[in-house]
Protein chains: 2
Amino acid sequence: MDLRIAKTHESIQQALLVLLKEKPLEEITVSELCRIAKINRGTFYLHYKNIHGVFEKYFEEIVEDLKCSIHAPYHEIDQGVEDLEADMIQIFHHVKKYEPFYCIVFDEQIPMKYYYMLFHSIRTFVAEIASFLQKGEPLNLPDFQISYQTNAIMGILLEWHQEGYVTSPAELNWYLIRFITERHL
Amino acid sequence: MDLRIAKTHESIQQALLVLLKEKPLEEITVSELCRIAKINRGTFYLHYKNIHGVFEKYFEEIVEDLKCSIHAPYHEIDQGVEDLEADMIQIFHHVKKYEPFYCIVFDEQIPMKYYYMLFHSIRTFVAEIASFLQKGEPLNLPDFQISYQTNAIMGILLEWHQEGYVTSPAELNWYLIRFITERHL
DNA sequence: GAAGATATTGTACAACTGTTCAATAAAAAT
DNA sequence: ATTTTTATTGAACAGTTGTACAATATCTTC
């Protein structure tokens with residue numbers, strides 16, 4: 001790996017963090033970021049398509065961390081409601097951990113891209129649970145049901161975002177388990 | 001109302017439709033739109049903040065149409081599962097009706113704003129159903145459950161978008177009613 | 001350490017953005 | 001029909017974008 005590339009990437013990522021402390025992502029310009037990062041603007045375009053490209057790199061790592069959080073204490077045997085609870089609450093702890101980032105991700109002005117990244121991550125998790133619980137049954141859940149379930153969970157995150165992340169992860173998890181296990185409407 | 005303003009608005013909205021036929025929303029510039037609309041660029045900024053401001057106006061009307069679709073055949077009495085089905089399917093018919101617009105709304109590059117507009121519209125509807133079904137009970141559903149339910153429905157729309165709107169509204173509604181009435185996972 | 005590979009820089013370009021201002025045109029009010 | 005109000009225009013501004021190129025600096029490899 002070329003040291004120059006590594007250094008450039010570091011400067012850019014660091015500059016983004018600096019700028020995010022004073023203004024919203026959508027107001028940050030490439031020119032400004034390059035001035036902070038002390039790199040040529042042309043160099044920026046050699047590595048990223050635009051400002052969102054930088055943030056996306058960051059968010060990829062965050063989503064990766066979520067995947068680890070969920071699957072770290074994965075119990076092969078006897079996945080009951082208790083284990084389900086233990087896994088689900090990881091999602092809320094994760095969002096709380098990276099709250100400043102999710103404030104950006106769920107912002108009105110920000111592209112759907114990041115929502116989809118989180119969605120796909122949680123969806124994989126939901127699909128695994130579903131296939132695990134329904135093993136033996138020949139009919140696996142249709143894609144629509146997986147997306148239905150996944151986005152339901154994300155609905156809680158949206159509400160959480162809107163109320164300003166006041167509710168505790170524990171209480172959110174209590175809600176979630178209740179919504180999942182009880183009949184709806 | 002000033003005729004000049006009305007004429008300007010018409011020109012701008014019409015120009016957006018023309019440009020949307022040849023390129024994605026995110027690639028349309030204010031300058032280009034003003035050339036098509038044959039208005040001064042300064043005039044544009046007198047009425048809209050940016051290109052998204054124009055699209056938002058359009059989408060407001062579309063969301064308004066959804067509200068009408070849902071509440072048009074509203075049955076005051078005896079809202080059973082059959083009536084619920086009749087109301088829910090309106091959502092799918094609506095999205096199908098404005099498919100080209102929802103292709104934009106659900107696009108990766110497009111701001112969350114439009115997703116939230118649709119979300120709030122459906123959320124109002126879900127909240128009404130919930131309070132209707134649970135009337136008598138002193139405890140009304142918490143905000144988290146309404147958002148959970150609402151976004152679950154939108155999960156079906158997201159999946160629908162991803163598969164290219166192949167599935168029929170009738171089948172989607174069949175899925176949805178099944179997901180709502182059956183116990184989850 | 002020298003040679004080769006390649007990342008970075010500086011400069012330039014046409015196009016777009018968002019804003020300002022006086023001048024003009026067009027509508028509304030009388 | 002004239003006056004008043006106000007929307008639109010044209011021009012200009014500093015700043016941004018995305019791209020291109022030759023010149024330079026820096027890293028890797030041998």
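To find a chain, count down the sequence lines: A is the first, B the second, and so on, and within it residues start at 1. All of these numbers come straight from a predicted model, not from anything done at the bench.
- Taking the six-membered ring for Trp and the full ring otherwise, A:Y165 and A:F92 have centroids separated by 6.0 Å or more.
- Projected onto DNA chain D by closest heavy-atom contact, B:T8 and B:R41 fall at different nucleotides, the more 5' of which corresponds to B:T8.
- Remark: P of C:dA25 and CD1 of B:I39 are 18 Å apart, rounded to the nearest angstrom.
- Contact check of residues 19-37 of chain A against DNA chain D (heavy atom, cut-off under 4.0 Å) returns A:T29, A:V30, A:S31, A:R35.
- When rounded to the nearest whole Å, the span between CG of B:N40 and C1' of C:dA25 equals 13 Å.
- Following rounding to the nearest Å, B:L46 (CG) and C:dC21 (C1') show an atom-to-atom distance of 13 Å.
- Note: NE2 (B:H9) to C1' (C:dA27) measures 16 Å, nearest angstrom.
- In summary, B:E56 and B:K49 do not engage in a salt bridge, as defined by a charged side-chain N under 4.0 Å from a carboxylate O.
- Take the nearest nucleotide of DNA chain C for A:G42 and for B:M1: the residue whose nucleotide is more 5' is A:G42.
- Using modelled atom types, one finds no donor on one side chain facing an acceptor on the other under 3.5 Å when comparing B:Y175 with A:D143.
- The NE2 atom of B:H47 sits 8 Å away from the P atom of D:dA7 (whole-angstrom rounding).
- The distance from atom NZ of A:K7 to atom P of D:dC27 is 7 Å, rounded to the nearest whole Å.
- Counting to the nearest Å, the P atom of D:dA20 and the OH atom of A:Y45 are 13 Å from each other.
- A centroid separation of less than 6.0 Å is found between the aromatic rings of A:H9 and A:Y48.
- Comparing C:dT8, D:dG18, C:dA26 by their nearest atom to the side chain of A:R4 picks out C:dT8.
- The CZ-P distance, from B:F44 to C:dT19, rounds to 12 Å in whole Å.
- A donor-acceptor contact closer than 3.5 angstrom is absent between the side chains of B:H161 and B:E99.
- The aromatic rings of B:Y116 and B:F119 sit perpendicular to each other, their planes meeting at more than 60°, with 30° as the lower class boundary.
- Of the options B:Y148, B:W160, B:F179, a ring pair (Phe, Tyr, Trp, His ring centres under 6.0 Å) to A:Y148 is made by B:F179 and by none of the others.
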